[in-house]
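A, B, ... follow the sequence lines: proteins, then strands. Residue 1 opens every chain.
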Protein chains: 2
Amino acid sequence: MSTRRATISDVAREAGVSPSTASVVFSGKTPVSDATRRRVLDAAAALGYTGPDPRAASLRRGRSGIVGVVFEEHLRTAFLDPVKTLMMDGLADAVAPLGAGLLLLRDQEPTGSGPSLTTAPLDAAVLIGCSGLLRESLDAVRARGIPVVVIEGDAGDDVPRIGLDNREAQRQAASHLRTLGHRDVAIVALPARAGWERGWLGDGTAITIDVTRERLAGALDVFPDAPAYAAAGSFIDEGLLAGRELFADPARRPTAVIAQSDLLAAGVIRAAEEAGLRVPEDVSVTGFDGIVVDGLAPYELTTLVQPATEKGRAAGAAVAAMIDGGVAASISFTCTFHEGNTTGPAPAP
Amino acid sequence: MSTRRATISDVAREAGVSPSTASVVFSGKTPVSDATRRRVLDAAAALGYTGPDPRAASLRRGRSGIVGVVFEEHLRTAFLDPVKTLMMDGLADAVAPLGAGLLLLRDQEPTGSGPSLTTAPLDAAVLIGCSGLLRESLDAVRARGIPVVVIEGDAGDDVPRIGLDNREAQRQAASHLRTLGHRDVAIVALPARAGWERGWLGDGTAITIDVTRERLAGALDVFPDAPAYAAAGSFIDEGLLAGRELFADPARRPTAVIAQSDLLAAGVIRAAEEAGLRVPEDVSVTGFDGIVVDGLAPYELTTLVQPATEKGRAAGAAVAAMIDGGVAASISFTCTFHEGNTTGPAPAP
DNA sequence: TTGTATGCGTTATCAT
DNA sequence: ATGATAACGCATACAA
């Protein structure tokens with residue numbers, strides 16, 4: 001058992017064929033006679049050879065079958081977001097036909113430890129919500145000719161981008177509310193920037209997170225004077241805190257709340273219940289994302305359903321195309337408005 | 001630009017040093033004079049060389065820096081479980097010092113497509129809740145000498161296992177309830193087996209999921225006659241359905257419910273509220289896992305806190321040890337009982 | 001501190 | 001259908 005592991009050459013010798021023939025038996029790239037295949041397979045079994053070493057194969061082929069997925073946050077944080085999870089699923093689907101898998105990469109990895117964009121054997125990379133912190137490694141990767149795609153972010157002009165019509169979609173929700181007669185509307189926004197600790201968004205507040213800014217713009221297109229309170233993250237509990245803030249002063253209660261995510265919306269609904277308000281009779285609430293919020297029944301959010309899995313799939317298709325030497329264009333996906341039971345006519349004044 | 005990518009030999013030649021010297025400049029394995037380093041780095045910059053090719057390096061080194069994580073379900077399903085997410089985080093932490101990253105692998109990958117335990121360039125593999133479906137690939141992997149560790153599952157005797165004292169822990173929660181005077185207790189269990197569709201667990205029901213069986217045993221140790229209703233998954237909505245079932249008949253309402261997960265417990269609480277029962281005055285509820293359930297405030301579950309991140313970290317440490325040629329022992333982690341505000345004295349009859 | 005030599009295990013190409 | 005040959009790009013043992 002202390003002897004070195006068998007290689008394909010050992011198998012070939014044992015089977016009395018050439019290494020290239022043995023290789024072909026395992027790869028199936030070329031027809032092989034049944035008899036030969038048998039002999040090779042038997043030899044392999046005899047030697048305990050379980051197939052080509054992926055490391056050697058990937059060197060020779062120039063492909064590793066690995067697509068890196070870069071998050072800018074802790075994994076635990078990333079996967080708390082149902083939309084990201086769905087995207088991962090779509091991504092996994094789309095790269096599977098390539099024979100590729102997903103390697104989890106964290107931006108901000110403590111230097112030196114851990115794999116990075118530059119040290120991992122990647123065939124391609126997908127950046128999720130790239131903030132710009134990793135621009136340098138990004139350049140290195142692109143210099144190496146590794147295809148890169150960005151989801152919900154901006155990594156420079158020539159990096160294909162998978163996006164969403166955030167502004168337009170949010171405008172639809174707002175219009176829906178206006179049609180229902182709402183005039184006093186408040187917005188519960190996603191964080192304004194990394195490290196943001198909940199609070200009102202003033203005129204001068206710099207919003208560096210694209211999604212937040214775009215959805216906000218869409219809401220303001222319809223309700224230019226709507227006040228906006230930005231949460232510290234996309235969680236029910238954060239929506240609850242924001243909602244309490246909105247409903248604190250009975251005199252200035254909005255009749256409708258535009259939340260920038262379904263989880264925030266769920267929290268706002270809780271806050272409304274707490275304040276003795278009925279949804280949608282006293283206050284209407286809209287969400288964004290179109291995920292299924294566990295535990296929210298019997299409410300069914302009025303929301304914008306974003307094709308999260310499709311986004312992941314598109315990103316996968318894009319890197320697949322690029323790996324095959326093609327080019328991939330940026331794509332913008334469209335949300336679908338879904339009317340649930342959390343919005344209704346504005347209450348009489 | 002159409003020329004082939006520069007290699008470390010090109011860089012060495014350009015810098016007027018030997019390939020090995022250039023290699024050392026990038027790996028840092030051996031001291032190099034400042035002047036030489038400069039020359040090499042400059043040459044690299046001039047040629048657009050961005051560092052050693054990870055594929056070649058991994059063949060030479062015999063290591064890829066990749067640890068496979070195998071799930072038996074869709075990624076979307078796996079990451080819905082907060083415990084798994086935390087484990088992933090711990091795992092990522094623990095393998096980072098190895099310079100390794102996590103490759104997501106799905107069990108049941110449609111044959112032929114996608115990377116598998118056998119085709120991916122893995123240094124080690126971690127199986128999560130291994131059901132036994134992938135026993136064959138597992139054998140192949142182990143034959144190849146790749147270290148394997150299992151979390152919450154069983155892959156055979158000589159595969160180290162990271163476990164939890166499920167039975168003992170659940171017994172603690174049950175004892176707590178008995179101490180509080182509860183006698184009519186019901187159990188809301190996790191699924192009995194893959195594909196299970198909620199329902200009462202009868203005497204003859206085969207329970208193939210270890211966690212479910214062990215936690216159930218712990219509860220029955222204290223309340224041998226407690227009826228158990230198994231949900232279709234660990235979700236708030238599933239707990240709600242189970243709870244409705246339990247509280248349907250006022251005459252046979254339990255005074256306490258032992259839920260096998262925090263999410264189920266949250267759902268049971270919702271069901272209790274629905275039925276007009278106060279928690280914990282009318283009915284006590286215990287959970288399991290010790291995660292933070294978003295949106296459950298002001299309730300704070302009485303639950304068993306499992307060291308989820310630690311489990312992941314331990315799995316990582318185990319594979320790290322095995323990669324370095326050592327051996328890793330199985331470990332069983334212990335839950336910590338946490339008393340929240342969802343349990344109280346049994347109501348007077 | 002630097003250079004020389006070798007092989008890691010495969011697979012693509014081309015010829016047979 | 002099969003075989004001979006030549007890379008793939010690097011890191012290490014060892015010598016200088």
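Per the geometry, CG belonging to B:Asp123 stands 15 Å off C1' belonging to C:dC8, to the nearest Å. A:Asp53 places its CG atom 19 Å from the P atom of D:dC8, with the value rounded to the nearest Å. Distance, B:Arg55 CZ to D:dA11 P: 14 Å, rounded to whole Å. Spacing between atom CZ of B:Arg63 and atom P of D:dT12 amounts to 11 Å, rounded to whole angstrom units. The distance from atom CZ of B:Arg13 to atom P of C:dT4 is 13 Å, rounded to the nearest whole Å. Atom NZ of B:Lys29 and atom C1' of D:dT12 are 10 Å apart (whole Å). A:Asp10 has its CG atom 9 Å from the P atom of C:dT10, to the nearest Å. Taking atom CZ of residue A:Arg39 and atom C1' of nucleotide D:dT2, one finds them 11 Å apart after rounding to whole Å.
The main-chain N or O of A:Asp34 is never found under 3.5 Å from a side-chain atom of A:Arg39 such that the two would form a donor-acceptor pair. The backbone N or O of A:Thr7 lies less than 3.5 Å from a partner atom in the side chain of A:Asp10, making a donor-acceptor pair.
No hydrogens or angles considered: a donor-acceptor pair under 3.5 Å links the side chains of A:Ser64 and A:Asp123. Under 3.5 Å, the side chains of A:Ser116 and A:Thr119 contain a donor-acceptor pair of N or O atoms. Between the side chains of A:Thr36 and A:Ser33, at least one donor N or O lies within less than 3.5 Å of an accepting N or O.
Among the atoms of the strands shown, only primed sugar atoms or phosphate atoms (P, OP1, OP2) are found under 4.0 Å from some heavy atom of B:Ser33. Residue-level contact check: B:Leu59 touches the bases, meaning some heavy atom is under 4.0 Å from a base atom. Using a 4.0 Å heavy-atom criterion, one finds that A:Val24 contacts no nucleic acid atom at all. At a threshold of 4.0 angstrom between heavy atoms, the contacts of A:Phe26 with the nucleic acid are absent.
A close approach under 4.0 Å does not occur between any side-chain nitrogen or oxygen of A:Thr7 and OP1 or OP2 of C:dG9. OP1 or OP2 of C:dT11 lies within a sub-4.0 Å distance of a side-chain N or O belonging to A:Ser23. Under 4.0 angstrom from either OP1 or OP2 of D:dG3 there lies at least one side-chain N or O belonging to A:Ser18. Residue A:Ser9 has no polar side-chain atom (N or O) positioned under 4.0 Å from OP1 or OP2 of C:dG9.
Applying the salt bridge (charged side-chain N to carboxylate O under 4.0 Å, His left out) test between B:Glu152 and each of B:Lys84, B:Lys311, B:Arg161 identifies B:Lys311 as the sole match.
Judged by atom type and distance alone, A:Thr30 does not reach the base of D:dA1 through any side-chain donor-acceptor pair under 3.5 Å. Judged by distance alone with a 3.5 Å cut-off, a donor-acceptor contact links the side chain of B:Ser20 to the base of C:dT4. Below the 3.5 angstrom threshold, one finds no donor paired with an acceptor across the side chain of A:Arg60 and the base of C:dT10.
Nearest-nucleotide positions on DNA chain C place B:Arg61 closer to the 5' end than the other of A:Ser27 and B:Arg61.
In the set D:dG3, D:dC10, C:dT2, C:dT2 carries the atom at the smallest distance from any side-chain atom of B:Thr21.
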